[in-house]
Amino acid sequence: MCDESKPVDGEVNDNKYFSKTAATDAEVTFEHRSAPPETRLYKKRWVIVFLFSLYSLCNSYQWIQYGIINNIFMRFYGVDSFTIDWMSMIYMLTYIPLIFPVALLLDKKGLRVIALVAAALNCTGTWIKVASARPDLFPVTFLGQFTCSVAQVFILGMPSRIASVWFGSEEVSTACSIGVFGNQLGIAIGFLVPPILVPNVDDLDELAAHIRVMFYITAGVATFLFVLVVIVFQERPDIPPTHAQAAARRISPENYSYTASIHRLLRNKAFILLVITYGLNVGCFYAVSTLLNRMIIEHYPGEEVNAGRIGLTIVIAGMVGSLICGIWLDRSKTYKQTTLAVYLMSLVGMVLYAFTLDLGHLWVVFITAGTLGFFMTGYLPLGFEFAVELTFPESEGTSSGLLNCSAQVFGIIFTICQGKIMDSFNTLAGNLFLCAFLLIGTIITACIKSDLRRQLANQQALAAAALGRLDVQVHSGTSLYPPHT
């Protein structure tokens with residue numbers, strides 16, 4: 001039996017409910033200090049995570065709605081392709097300086113306040129865009145996109161926090177996958193819908209009408225979701241879902257220091273390695289998504305709609321991968337092994353995509369893009385959940401915020417560099433540039449130590465509860481041994 005008097009580094013010390021006080025050849029006695037905390041799962045947890053997924057969807061849809069019809073917006077607003085690329089990269093740039101104050105706000109004010117701010121900003125940004133559907137109003141549409149990018153900062157770090165606060169230990173990975181699922185589905189719709197709603201027509205007035213319709217639909221959906229968040233979204237359940245969450249609630253706000261938490265995370269070697277590898281993988285995904293229209297149009301002119309469908313294929317396959325990985329993690333708890341396997345397959349998928357893009361067969365591109373998406377996009381919830389395991393009991397918002405910050409930094413760097421490489425050489429060179437960094441990320445992932453602190457906390461609490469029941473049996477006179485015959 002493990003010695004519970006020695007706390008594990010990073011664990012909540014009051015997870016211990018018992019101590020061994022005496023032992024003889026005849027009997028074992030345990031001193032029961034306090035009853036293990038009550039836990040309960042509420043049906044409303046599914047409403048919360050699905051509502052979050054919906055407003056996350058609405059926001060992530062807008063991230064790619066300009067880039068996937070890059071050539072059309074270039075002509076409508078009279079700007080170059082790099083300027084339109086920034087309509088996607090502004091999401092990444094805004095996140096970097098704002099994530100730390102938003103993570104602090106999440107710790108101080110909780111989930112509901114963050115959800116309200118996110119939905120309100122997203123709604124505001126969509127209505128600003130409605131007023132920008134004229135060729136001379138590019139600054140207005142950029143302002144709308146900037147507002148939506150600020151909303152994204154209040155969204156990206158939420159899945160793991162919602163999963164921990166609302167869901168049981170056997171379903172947190174699945175719940176986190178559902179939260180990420182909404183973001184991925186939004187990107188998928190962003191790939192599919194804009195090329196359909198905004199066809200490449202010559203007349204600018206007709207084109208403005210199509211763009212305006214797209215903006216109005218988005219604004220209507222965002223407004224509806226904002227109202228739902230105001231009415232439905234709840235801070236947390238009355239009774240915690242797990243022993244680990246109960247222990248986290250017992251940490252007094254006065255004893256919690258956000259700065260000290262950041263310092264502890266930065267000293268956590270395994271977590272820092274994960275931050276780097278997560279940034280490399282997701283940064284590659286951001287670059288591929290932003291530049292997809294340019295890559296497809298170069299080899300398949302006039303195929304804007306199919307470019308959107310290929311993007312849709314990448315994300316839909318990734319959504320399936322996310323759910324499968326989440327369910328697998330809840331069953332197996334093999335965080336390190338699963339993360340490494342998916343990372344390696346992301347590299348393989350990127351190599352296949354790079355070398356088949358210029359073969360002249362769109363069906364081949366669909367297959368290789370789907371393979372790439374299954375693993376690369378499927379990696380997203382793995383990174384979140386692995387980070388929570390490595391950093392417990394630190395705030396999930398802080399750890400996931402650092403992961404996403406890394407992804408935004410690498411996303412900007414990779415998008416700019418790959419775009420320049422494509423301009424100077426070709427798409428193959430640009431994609432091989434990404435392959436090199438995925439190889440580096442795979443090697444670093446293999447070096448991450450699997451220190452599953454949250455799992456250990458739950459196991460300790462369950463062991464304490466079992467020994468508490470044993471203590472009751474002993475003191476009530478129930479024999480621990482079979483009767484002599």
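Values below: all heavy atoms of this structure, side chains included; hydrogens, waters and symmetry mates excluded.
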**Request:** Looking only at non-hydrogen atoms, find the nearest pair between Val288 and Gln418 and report the distance.
**Result:** N-OE1, 4.2 Å
**Request:** Side-chain contact test, heavy atoms from C-beta onward, threshold under 4.5 Å: evaluate it for Pro195 versus Ile68 and give yes or no.
**Result:** yes
**Asked** Relative to each other, are the rings of Trp46 and Phe50 parallel, tilted or perpendicular (30° and 60° limits)?
**Response** tilted
**Request:** Answer yes or no: is there a side-chain heavy-atom contact under 4.5 Å between Thr223 and Trp127?
**Result:** yes
**Asked** Does one side chain, of Trp63 or Ser289, offer a donor that lies under 3.5 Å from an acceptor on the other?
**Response** no
**Asked** Quick one: are the ring centres of Phe437 and Phe414 less than 6.0 Å apart?
**Response** yes
**Prompt:** Relative to the ring of Tyr379, is the ring of Tyr278 parallel (under 30°), tilted (30 to 60°) or perpendicular (over 60°)?
**Reply:** tilted
**Item:** Nearest heavy atoms of Lys129 and Phe215, plus distance in Å
**Value:** O-CD1, 3.0 Å
**Prompt:** With sequence neighbours excluded, what pairs up with Gln234 under the side chain to side chain contact (heavy atoms under 4.5 Å, CB included) test?
**Reply:** Lys44, Ile48, Trp166
**Asked** Between the side chain of Tyr77 and the main-chain N/O of Arg134, is any donor-acceptor distance below 3.5 Å?
**Response** no
**Leu266 vs Phe271 side-chain heavy atoms within contact, under 4.5 Å** = no
**Asked** Would you say the side-chain atoms of Asn59 and Ser56 include a donor-acceptor pair closer than 3.5 Å?
**Response** no
**Asked** Going by distance alone, is a donor N or O of one side chain under 3.5 Å from an acceptor N or O of the other, for Ser88 and Tyr286?
**Response** no
**Complete:** All heavy atoms of Leu438 vs all of Met376, minimum pair found to be CD1-CE, 3.7 Å
**Request:** Compare every heavy atom of Ile155 with every heavy atom of Ala118, then report the nearest pair and how far apart it is.
**Result:** CB-CG1, 3.7 Å
**Asked** If every non-hydrogen atom of Pro159 is compared with every non-hydrogen atom of Leu156, which pair is closest and at what distance?
**Response** CD-O, 3.3 Å
Exercise answer: donor-acceptor pairs, residues 178-190 side-chain atoms, under 3.5 Å, sequence neighbours excluded:
from: Gln184; atom 1: OE1; to: Ser322; atom 2: OG; distance (Å): 3.2
from: Gln184; atom 1: NE2; to: Ser322; atom 2: OG; distance (Å): 2.9
from: Gln184; atom 1: NE2; to: Thr377; atom 2: O; distance (Å): 2.8

**Message:** Is any side-chain heavy atom of Tyr61 closer than 4.5 Å to one of Pro194?
**Reply:** yes
**Request:** Applying side chain to side chain contact (heavy atoms under 4.5 Å, CB included), name anything that partners Leu121, two or more places apart in sequence or on another chain.
**Result:** Val117, Thr147, Val150, Ala151, Phe154
**Aromatic plane relationship, Phe73 with Tyr66 - under 30° parallel, 30 to 60° tilted, over 60° perpendicular** = tilted
**Message:** Within the structure provided, determine whether Met92 and Thr290 are in side-chain contact (heavy-atom separation under 4.5 Å).
**Reply:** yes
**Prompt:** Can you check side-chain hydrogen bond (donor to acceptor under 3.5 Å, both in side chains) on Gln152 and Asn122, steps first, answer last?
**Reply:** CA-CA 8 Å; Gln152 177 222 210; Asn122 190 59; over 6 Å; no
**Asked** Just by distance, do the side chain of Asn70 and the backbone of Leu291 share a donor-acceptor pair under 3.5 Å?
**Response** no
**Prompt:** Does any N or O in the side chain of Arg45 come within less than 3.5 Å of the main-chain N or O of Pro237, such that one atom is a donor and the other an acceptor?
**Reply:** no
**Message:** On a heavy-atom basis, which atom in Ile310 and which in Ala369 lie closest, and how many Å separate them?
**Reply:** CG2-CB, 3.7 Å
